Colleague: 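This structure is in structure tokens; I'll ask about it shortly.
These numbers come from a predicted model, not from an experiment.
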There are 2 protein chains.
Amino acid sequence: MLHHSEKNKSFEMACRQKNLRVTPQRIEIYKELSKAKDHPTAETLHKRLLKRMPTLSLDTVYRTLGTLAEHGLIHKVDTTESQAHFEADLSKHHHVICARCGRIVDFDWPVVDESELPEELSNWGHVERRSLILHGICRDCQSTH
Amino acid sequence: MLHHSEKNKSFEMACRQKNLRVTPQRIEIYKELSKAKDHPTAETLHKRLLKRMPTLSLDTVYRTLGTLAEHGLIHKVDTTESQAHFEADLSKHHHVICARCGRIVDFDWPVVDESELPEELSNWGHVERRSLILHGICRDCQSTH
DNA sequence: ATACTTGCAAAACATTTGCAGCCGC
DNA sequence: GCGGCTGCAAATGTTTTGCAAGTAT
């Protein structure tokens, strides 16, 4: 696990490597996403950032998240929702999503990461990443009926 | 594997069971989705159906797909795209998605369906369904460079 | 007869784009 | 200085909603 300062440094290096300019907006958006544990949407992230950067525009957040996701510096979460959710954690992990409250929780499952893919995929192409989504009802939502 | 007529009969029964009225629109939308192998969006499905049902409105397609998905009669595919993709196939299976062309292909992987879920999820709540998404580049898109 | 569903139109929500000025390199 | 990035505004794309008329049960 990297410290925050190291993480941000490596983010700047990753940007340079991809020929993306290191702007204050990108740094702050990435930092805010990194410390978030709730897979926020562009709008949520924008609201949080406005406190620190009152002039940051929502479309810059959209554009930045899009750019970073395209370059693999962050991930868009696979969802059935209309709003896109993002995360900065690039380590192998998966998601459980509650159908009631929509909360997304991370979990690890090495079986999925490490098992050999089924034969029928052998000539599909190149598989880059595996992302498992569990759908269900979380404990809180069950008890609230 | 059910025949089409059986599938449609069981769809009508499923609707009745859920107190959803069996309307021509629902039947046709479900039939069109059932025979599609490409996980169409609401708009794509609407275009296909217009040939047969010239007065069918797009918002009915949206509403119907939403209703059927809510009741578990069809599935919304977990995606990073902005447009929702649907499928009528409820059997356990998973999806590979090409980052270039966006094509979604089904595959089976019993390891994912049958392995016991990791300990850390034991008190998350009730897990209903497992959906694995593989991200990559399909063979066609690799060769077209 | 009643309540659910549809089609129309409009609204709401989510995301993208054009452009002029700004800023990282 | 150049080219990419931002903020503003406007456009586009996607989905949802209100309502009156129609239809399944």
Colleague: Send over the distance from A/H85 NE2 to C/dA14 C1', rounded to a whole Å.
Modeller: 12 Å
Colleague: Specify the separation, in whole Å, of atom CD of B/Q83 and atom P of D/dT16.
Modeller: 12 Å
Colleague: Measure the spacing between CG of B/L33 and CZ of B/R48 and express it to the nearest 0.5 Å.
Modeller: 9.5 Å
Colleague: Could you check whether the side chain of B/D59 and the base of C/dC8 have a donor-acceptor pair of N or O atoms closer than 3.5 Å, going by distance alone?
Modeller: yes
Colleague: Considering all heavy atoms of both residues, which atom of B/V22 and which atom of B/C15 are nearest to each other, and what is their separation?
Modeller: CG2-CB, 3.9 Å
Colleague: If you find the nucleotide of DNA chain D closest to B/E43 and the one closest to A/M53, which residue's nucleotide is nearer the 5' end?
Modeller: A/M53
Colleague: Say whether, by atom type as modelled, one donor and one acceptor occur between the side chain of A/S143 and the main chain of A/D140 under 3.5 angstrom.
Modeller: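 Pair found, side chain donor or acceptor close to backbone of A/D140.
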Colleague: Once you round to the nearest 0.5 Å, how far does CD1 of B/I133 lie from CZ of A/R129?
Modeller: 10.0 Å
Colleague: Would you mind reading off the distance between A/L49 atom CG and D/dT6 atom P, rounded to a whole angstrom?
Modeller: 13 Å
Colleague: Does OP1 or OP2 of C/dT16 have a side-chain N or O of A/Y62 closer than 4.0 Å?
Modeller: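 Looking at the OP1 and OP2 atoms of C/dT16, neither is under 4.0 Å from any side-chain N or O of A/Y62.
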Colleague: Please list, one pair per line, the donor and acceptor atoms closer than 3.5 Å that link side chains of residues 101-114 of chain B to other protein atoms, with sequence neighbours excluded.
Modeller:
unit_1	atom_1	unit_2	atom_2	d
B/D106	OD1	B/H39	NE2	2.7
B/D106	OD1	B/H95	NE2	3.2
B/D113	OD1	B/H94	NE2	2.8

Colleague: How far apart are the closest heavy atoms of A/L56 and A/H46, and which atoms are they?
Modeller: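 Looking at all heavy atoms of both residues, the closest pair is O-NE2, 2.8 Å.
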Colleague: Distance check needed: C/dT17 P versus A/L58 CG, whole Å only.
Modeller: 15 Å
Colleague: Starting from the 5' end of DNA chain D, give me the residue, B/T41 or A/S57, whose nearest nucleotide shows up first.
Modeller: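 Its nearest nucleotide lies further toward 5', so the answer is A/S57.
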Colleague: In whole Å, I'd like the distance from the CD atom of A/E81 to the P atom of C/dA14.
Modeller: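 My rounded result for the distance is 10 Å.
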Colleague: Provide, to the nearest angstrom, the distance between the CD1 atom belonging to A/I27 and the C1' atom belonging to D/dC5.
Modeller: 13 Å
Colleague: Encode nucleotides 19-25 of chain D as B, S and - characters from 5' to 3', where the letter depends on protein heavy atoms closer than 4.0 Å: B to the base, S only to sugar-phosphate, - to neither.
Modeller: -----BS
Colleague: If you find the nucleotide of DNA chain C closest to B/Q25 and the one closest to A/S82, which residue's nucleotide is nearer the 5' end?
Modeller: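 This one resolves to B/Q25.
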Colleague: Nearest whole Å is fine: how far is C/dA14 P from A/L45 CG?
Modeller: 15 Å
Colleague: Calculate the interatomic distance between B/H46 atom NE2 and C/dC8 atom C1'; express it in whole Å.
Modeller: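 To the nearest whole Å, that distance equals 12 Å.
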Colleague: Does a donor on one side chain and an acceptor on the other come within less than 3.5 Å for B/D78 and A/T80?
Modeller: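 A/T80 and B/D78 do not have a side-chain donor-acceptor pair below 3.5 Å.
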Colleague: Which part of the nucleic acid, if any, lies within reach of A/A42 when heavy atoms closer than 4.0 Å are counted: base, sugar-phosphate only, or nothing?
Modeller: nothing
Colleague: Please work out if A/T55 contacts a base, only the sugar-phosphate, or nothing of the nucleic acid, heavy-atom cut-off 4.0 Å.
Modeller: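 Sugar-phosphate, no base atom in range.
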